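Data block below; observations after.
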Amino acid sequence: MTDLPIQGVILAAGEGKRMKSSLPKCLHQVCGVPMIRLVVGAMQRAGIHAPVVVVGHGRDNMLEEVGSDLPTAVQDEQRGTGHAVLCALDSLVGDEGFVVIACGDVPLIQTETIEALIGCAIHTGAEGVLATVVAADPTGYGRIVRDRDGSVKGIVEQKDATDTERDICEINPALYCFKLSVLKSLLPQVQPSPATGEIYLTEVIRLIRESGGAVQAVVCDDEGEFQGVNDRWQLSQAANTFRMKILRRLAESGVTIVDPDSTFIGGDVEIAPDTMILPMTVIDGFSKIGSGCSIGPSTWIKDSVIHDNVRIFMSHLDQAEMESGSRCGPFANLRPEAKLGKKVKVGNFVEIKKSSIGAGTSISHLTYIGDSQVGSDANIGAGTITCNYDGYLKHTTEIGDGAFVGSNTTLVAPVKIGDRAMTAAGSVITGDVPADSLGIGRSKQENKEEWAKIW
Ligand code: UD1
Ligand code: CA
């Protein structure tokens, strides 16, 4: 767009009192992603790779989230948005070019909007450019005051506004692009508000006009993009807006979302076309889902990898992997490091943890498989339990290719069941069963004839 440098600042030092939380406001999550990450992502996609994040309240938590990959500036005392930017000025390199300023509590801003502001600054040569939007309910936001000729004169905060100014519905969503040299010279001149004692960033707009500079407004039409989060209810509302955007993007890319109202998919989830998501399903974290799958209803998936043509029905998956053609549910619980091979079948009330299951194996009912390697084309009977924990240590179980584990087998680990070996139903297996053999570990049945007739 330009050869001039474009830098960025994100304000995230405020406490967010109304959140009533020990967590700093900008770390609260919207669809599984901390708000600050969403704003950083939008800036980075607009070409601002290392925006300076201003931290203050809860700064240790904030630094943990962003400190290792982004420059940060500290605002010790929260004395207003202008003061926050003052704290970041030294981190902005040189005087050339532009600086985009956004707030960490307006999480849904779009890359295209940031690009539009930068484009406007470059093409008009304005000293300051700000986004504006007409809000259905402007309560709480700074109002845009325009001159008779329609140009932006300044921004009046709700707390400082007259009744007439409060009637203005065009609001300041707090996204700006300034010439860096202008910001550096005018911001230190802003005086604290007589009403609140805070140094307002918005005053820079007025100072630009007073010093004969030009201010341009980019009027946006999507109010939802600028929903600010000041309390938990606004957090829910922003999450809902974002959720619908995610679902719509997926639907437009070829994923069927049967019921958007009851479907929750995180911002970092990837789903390939021709997969169907059934109602009451939550997919979170960095989950990746292939094509031709059917997921849900009533399913919860986090940080899992699902290959093509997989069916997951009323189940719970956390850090699990399912290869193509495999299926699970209803009521399967695939815990971290559960890995199902191709065409594996996992049925009801089966829990699998830290185990790999070879292609074509069936584990159809009421089973716990933990710390195990199961071969391919094996059959694990109903009620099989791997006793992987002796109260002190975890032990592994190995089950070979084509093995047949009889119903209600208790496998006391460490133990190995060889290829094509069998165990008798109801066995407690404490020793290895060699390949092609049958292991029987139960007392022999005795029949007492006529016994039942005694009474
Ligand atoms: C601000 C704008 C208002 C706009 C609204 C949009 C000013 C004076 N007002 O008001 O015109 O309509 O955003 O959402 O700029 N922050 C700091 N340090 C501080 C104070 C705030 O880093 O000392 C950060 C907060 O963490 C937050 C952002 O700046 O991310 C906005 O602060 P907030 O107090 O929420 O400002 P608003 O009253 O919403
Ligand atoms: Ca705010």
Side-chain angles (χ1 to χ4, degrees), residues 9-19 21 23-28 30 34-40 51-59 61-62 65-66 72-89 101-109 128 130-135 137-145 152 154-161 165-166 168-176 178 183 187 190-207 217 220 223-235 237-238:
V9 176
I10 301 174
L11 307 185
E15 175 177 1
K17 271 199 193 76
R18 281 174 283 167
M19 297 296 281
S21 176
L23 196 68
K25 177 161 75 175
C26 298
L27 292 185
H28 281 266
V30 165
M35 290 199 276
I36 186 70
R37 280 274 153 221
L38 289 173
V39 180
V40 168
V52 179
V53 181
V54 183
V55 301
H57 194 85
R59 79 194 231 201
N61 287 330
M62 287 296 294
E65 177 65 38
V66 297
T72 52
V74 176
Q75 184 194 26
D76 280 321
E77 239 185 302
Q78 281 69 65
R79 290 170 46 204
T81 49
H83 179 253
V85 177
L86 272 174
C87 297
L89 280 190
I101 303 177
C103 291
D105 68 344
V106 185
L108 307 184
I109 54 160
L130 74 162
T132 77
V133 70
V134 175
D137 177 9
T139 312
Y141 291 98
R143 311 296 207 280
I144 306 293
V145 181
V152 175
I155 297 161
V156 183
E157 291 306 300
Q158 160 110 7
K159 296 168 239 175
D160 309 311
E165 286 165 342
R166 285 187 187 190
I168 299 171
C169 286
E170 187 181 19
I171 58 118
N172 168 33
L175 180 64
Y176 320 84
F178 293 106
L183 184 74
L187 185 57
V190 173
Q191 296 302 309
S193 148
T196 62
E198 287 185 9
I199 296 173
Y200 295 160
L201 176 60
T202 44
E203 281 299 286
V204 173
I205 298 288
R206 202 177 49 79
L207 291 183
C220 302
E223 203 191 330
E225 176 180 349
F226 298 114
Q227 279 174 275
V229 172
N230 298 304
D231 59 34
R232 304 261 187 163
W233 186 239
Q234 288 174 334
L235 181 70
Q237 287 169 322

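When a ligand or atom number is given, it counts from 1 through the structure's own listing order. Quick caveat, the model's predicted, so the values are computed rather than measured.
- Taking any N or O of Val54, backbone or side chain, none lies under 3.5 Å from an N or O belonging to ligand 1.
- Under the 4.0 angstrom criterion, atom 11 (O) of ligand 1 counts as having a protein heavy-atom contact.
- Contact annotation for Asn230 and ligand 1: only side-chain heavy atoms (C-beta onward) come within less than 4.0 Å of the ligand.
- Take Glu170 and apply the salt bridge (Lys or Arg N to Asp or Glu O under 4.0 Å) test, not counting sequence neighbours, and it matches Arg146.
- Residue contacts with ligand 1 for Leu11 involve both N, CA, C or O and side-chain atoms from C-beta outward (heavy atoms, distance under 4.0 Å).
- Only side-chain heavy atoms of Ala84 come within less than 4.0 Å of ligand 1; its backbone N, CA, C and O stay farther off.
- In terms of protein heavy-atom proximity, atom 5 (C) of ligand 1 is closest to Asn172 O, 3.9 Å.
- For the pair Arg232 (side chain) and Met19 (backbone), a donor-acceptor distance under 3.5 Å is present.
- Counting heavy atoms under 4.0 Å from ligand 1, residue Glu157 touches it through the side chain alone.
- Contact between Ala102 and Ile109 at its shortest, heavy atoms only, is CB-CD1, 3.9 Å.
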Evaluate side chain to side chain contact (heavy atoms under 4.5 Å, CB included) for Thr81 paired with Ile101, printing each intermediate quantity in order. CA-CA 10 Å; Thr81 49; Ile101 303 177; over 6 Å; no
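- For ligand 1, the atoms lying closer than 4.0 Å to a non-hydrogen atom of Gly142 are 3 (C), 4 (C), 11 (O), 12 (O).
- Here the CG atom belonging to Leu23 is positioned 9.5 Å from the CE atom belonging to Met62, to the nearest 0.5 angstrom.
- There is a protein heavy atom less than 4.0 angstrom from atom 23 (O) of ligand 1.
- To the nearest 0.5 angstrom, Leu11 atom CG is 9.0 Å from Cys26 atom SG.
- Between Gly228 and ligand 1, not a single N/O pair is under 3.5 Å apart.
- With hydrogens left out, the protein atom closest to atom 33 (P) of ligand 1 is Asp105 OD2, 4.3 Å, a heavy atom.
- When all heavy atoms of Leu187 and Leu86 are compared, the closest pair comes out as CD2-N, 3.6 Å.
- Distances shorter than 4.0 angstrom do not occur between any heavy atom of His83 and any atom of ligand 1.
- Every atom of ligand 1 with a heavy atom of Arg79 under 4.0 Å away is listed here by number and element: 23 (O).
- Those atoms of ligand 1 that come under 4.0 Å of a heavy atom in Thr202, given as number and element, are 7 (C), 8 (C), 11 (O), 15 (O).
- Here is the list of ligand 1 atoms found below 4.0 Å of a heavy atom in Thr81: 7 (C), 8 (C), 15 (O), 20 (C), 21 (C), 29 (O), 31 (C), 32 (O).
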Derivation of the side chain to side chain contact (heavy atoms under 4.5 Å, CB included) call for Ser21 and His28: CA-CA 9 Å; Ser21 176; His28 281 266; 3.0 Å; yes
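- One N or O on the side chain of Lys25 and one on the backbone of Val229 form a donor-acceptor pair closer than 3.5 Å.
- When only non-hydrogen protein atoms are considered, atom 20 (C) of ligand 1 lies nearest to Gly80 C, 3.7 Å.
- Distances shorter than 3.0 Å separate the Ca ion (ligand 2) from the protein N/O/S atoms Asp105 OD2, Asn230 OD1.
- Taking each heavy atom of Arg143 and Pro138 in turn, the nearest pair found is NH1-O, 3.4 Å.
- Note that CG of Leu108 and CG of Leu38 are 7.0 Å apart. Values are rounded to the nearest 0.5 Å.
- Scored by the side-chain hydrogen bond (donor to acceptor under 3.5 Å, both in side chains) test, Glu223 finds no partners at all (sequence neighbours excluded).
- Close approach of ligand 1 to Gly104 (heavy-atom distance below 4.0 Å) involves ligand atoms 30 (O).
- Remark: Phe226 engages no residue in a ring pair (Phe, Tyr, Trp, His ring centres under 6.0 Å) (not counting sequence neighbours).
- Taking a cut-off of under 4.0 Å to the non-hydrogen atoms of Tyr200, the atoms of ligand 1 that pass are 8 (C).
- Scanning all protein heavy atoms for the shortest distance to atom 28 (C) of ligand 1 gives Cys103 SG, 3.6 Å.
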Walk me through whether Ile205 and Phe178 qualify under side chain to side chain contact (heavy atoms under 4.5 Å, CB included). CA-CA 9 Å; Ile205 298 288; Phe178 293 106; 3.8 Å; yes
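- When distances from atom 18 (N) of ligand 1 to the protein are checked, a heavy atom turns up under 4.0 Å.
- For the atom pair Asp160 CG and Ile155 CD1, the distance stands at 12.0 Å (nearest 0.5 Å).
- Protein heavy atom closest to atom 26 (O) of ligand 1, with residue, atom name and distance, is Gly14 N, 2.8 Å.
- Of all heavy-atom pairs between Gly104 and Met35, the closest is O-CB, 3.6 Å.
- When atom types are taken as modelled, the side chain of Arg37 and the backbone of Glu65 share a donor-acceptor pair closer than 3.5 angstrom.
- Remark: ligand 1 atoms within the under-4.0 Å shell around heavy atoms of Ala174 are 6 (C), 13 (O).
- Within a 4.0 Å radius of atom 1 (C) of ligand 1, the protein has no heavy atom.
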